[in-house]
Amino acid sequence: AFVAEVANQVVGVALLRNHVDIALWQSQYMLEDFILFTEHKPQQHIMLHSFVINPIFARSARFILKEIFRALGASCLYYQLDAEMPIPDVLSEFVQVKPRSLISVPQKLQEELAHDDANEAELAARPSPTPPAAESALFFLTRKLISEPKITNNTRIVVVGASD
């Protein structure tokens with residue numbers, strides 16, 4: 001846990017977990033589109049459990065995240081958002097990761113495979129080749145992303161033309 005203080009008053013709290021199941025998330029989300037895992041050691045991945053900050057100091061949330069990266073020697077920070085959870089103010093600093101599409105096997109093919117397999121006990125003991133579906137949204141932040149300024153681009157693209 002990290003506590004942010006100003007003039008001996010608590011203005012923010014961040015709760016973190018060091019244990020991150022990267023292999024599971026790589027199978028559920030397209031993390032490789034954003035992160036080169038060869039450059040990040042497994043112990044440098046941390047999970048943000050909750051982040052609360054006084055609204056007056058909300059502008060300093062980015063600095064607090066930088067200090068968390070520095071103090072822990074971390075390079076990747078993840079936040080998993082479930083449907084029932086409130087959206088934290090710091091979520092605007094993170095990047096959302098797209099979930100992987102699941103492989104769907106038609107029911108007819110499943111039935112054929114079940115009939116062809118003589119030993120169903122062996123089939124039940126075999127692990128499923130498809131990972132479980134992602135049940136929540138995953139957001140991530142790297143040390144490089146938090147160090148670069150975030151620029152908002154409010155540009156509209158208008159396409160004018162006719163088609164046949």
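Here the structure is a predicted model, which is why all the values come from computation and not from measurement.
Using a 4.5 Å heavy-atom threshold, the side chains of Ile64 and Phe2 count as separate. Two residues are said to be in side-chain contact when any heavy atoms from C-beta on lie closer than 4.5 Å; Leu31 and Leu138 meet this criterion. With contacts defined as side-chain heavy-atom distances shorter than 4.5 Å, the pair His45/Trp25 does not qualify.
A donor-acceptor contact shorter than 3.5 Å is absent between the side chain of Arg17 and the backbone of His49. Remark: the backbone N or O of Phe63 is not paired with any side-chain donor or acceptor of Ser60 at under 3.5 angstrom. Of the possible donor and acceptor atoms, none in the side chain of Glu93 sits under 3.5 Å from a partner among the backbone N and O of Val90.
Taking CD1 of Ile46 as the start and CZ of Phe69 as the end, the distance is 6.0 Å to the nearest 0.5 Å. Note that CD1 of Ile22 is 12.0 Å distant from OH of Tyr29, once rounded to the nearest 0.5 Å. Taking OG of Ser136 as the reference point, atom OH of Tyr79 lies at 10.0 Å (rounded to 0.5 Å). Separating the CD1 atom in Ile35 from the CE atom in Met30 is a distance of 14.0 Å, to the nearest 0.5 Å. Note that OH of Tyr78 is 14.0 Å distant from CG of Leu16, once rounded to the nearest 0.5 Å. Distance check, rounded to the nearest 0.5 Å: CG of Leu65 to CG of Leu48 gives 7.0 Å.
When each of Leu81, Val97, Val95 is paired with Phe139, the side-chain contact (heavy atoms from CB on, under 4.5 Å) condition holds for Leu81 and for no other.
No chain of hydrophobic side-chain contacts below 4.5 Å, direct or via other Ile, Leu, Val, Met, Phe, Trp or Tyr residues, connects Val10 to Ile68. Linking ILVMFWY side-chain heavy atoms closer than 4.5 Å, directly or via other members, places Leu36 and Ile146 in two distinct hydrophobic clusters. One hydrophobic cluster, built from ILVMFWY side chains closer than 4.5 Å, holds both Met47 and Met85. Grouping the Ile, Leu, Val, Met, Phe, Trp and Tyr side chains by contacts below 4.5 angstrom, directly or via other members, places Ile56 apart from Val13. Under the 4.5 Å side-chain heavy-atom criterion for ILVMFWY residues, a single connected hydrophobic cluster contains both Phe57 and Leu91.
Taking 4.0 Å as the cut-off between side-chain N and carboxylate O, Arg100 and Glu32 count as a salt-bridged pair.
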ask   = Would Leu145 and Phe94 satisfy side-chain contact (heavy atoms from CB on, under 4.5 Å), going step by step from the backbone distance to the final call?
value = CA-CA 9 Å; Leu145 288 174; Phe94 286 74; over 6 Å; no

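A tilted orientation is assigned to the rings of Phe34 and Phe140, their planes being inclined by 30° to 60°.
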